Amino acid sequence: MKKADEIRICLGSSCFARGNKEMVKEVEAYLHRHHLDEKIVLRGSHCLGNCADGPNISINGQITGHIDKSNIIKMLDEKLKP
């Protein structure tokens with residue numbers, strides 16, 4: 001699978017209240033562990049427009065909802081590993 005060029009984590013009020021601040025730390029640690037922090041741009045986003053399914057993360061424009069500590073690593077493995 002193609003490596004992602006950009007990851008956006010929604011930091012809008014709804015996703016932020018549901019824990020996306022912690023997801024930023026999880027994603028940063030994941031990128032560092034897998035030596036991807038130089039290859040992938042990680043950004044906060046004001047709102048991804050999918051509040052009902054938050055917390056949300058977008059990888060190259062593909063939004064995934066309901067992200068939390070129990071599924072973030074598996075989702076990153078699926079999306080980022082070749």
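For clarity, every value in this text was computed on a predicted model and none was experimentally measured.
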Partners of Glu38 by side chain to side chain donor-acceptor pair (under 3.5 Å), sequence neighbours excluded?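 Glu38: no side chain to side chain donor-acceptor pair (under 3.5 Å) contacts found.
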Treating Ile, Leu, Val, Met, Phe, Trp and Tyr as nodes and any side-chain heavy-atom pair under 4.5 angstrom as an edge, say whether Ile63 and Leu11 lie in one connected cluster.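 Result: no, two separate clusters.
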Which residues satisfy the ring-ring contact (aromatic ring centres under 6.0 Å, His included) test with His32, sequence neighbours excluded?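 For His32 there are no ring-ring contact (aromatic ring centres under 6.0 Å, His included) partners, ignoring immediate neighbours.
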Can you name the residues that form a side chain to side chain contact (heavy atoms under 4.5 Å, CB included) with Tyr30, not counting sequence neighbours? Arg33, His34, Leu36, Ile73, Leu76, Asp77, Leu80, Lys81
Across all chains, not counting sequence neighbours, the side chain to side chain contact (heavy atoms under 4.5 Å, CB included) partners of Lys69 are Glu22, Met23, Glu26
Could you state the interatomic distance from CD1 (Ile67) to CE (Met75), rounded to the nearest 0.5 Å?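 If we round to the nearest 0.5 Å, Ile67:CD1 and Met75:CE are 4.0 Å apart.
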Rounded to the nearest 0.5 angstrom, the CG-CG distance for Asp5 and Asn60 is 5.0 Å
Name each donor-acceptor pair under 3.5 Å that joins a side chain in residues 40-56 to protein atoms two or more places apart or in another chain, with its distance.
residue : atom : partner : partner atom : Å
Arg43   : NE   : Glu6    : OE2          : 2.9
Asp53   : OD1  : His66   : NE2          : 3.4
Asn56   : ND2  : Asn50   : O            : 2.9

Beyond-backbone contact of Ile7 with Lys79, side-chain heavy atoms, under 4.5 angstrom: no
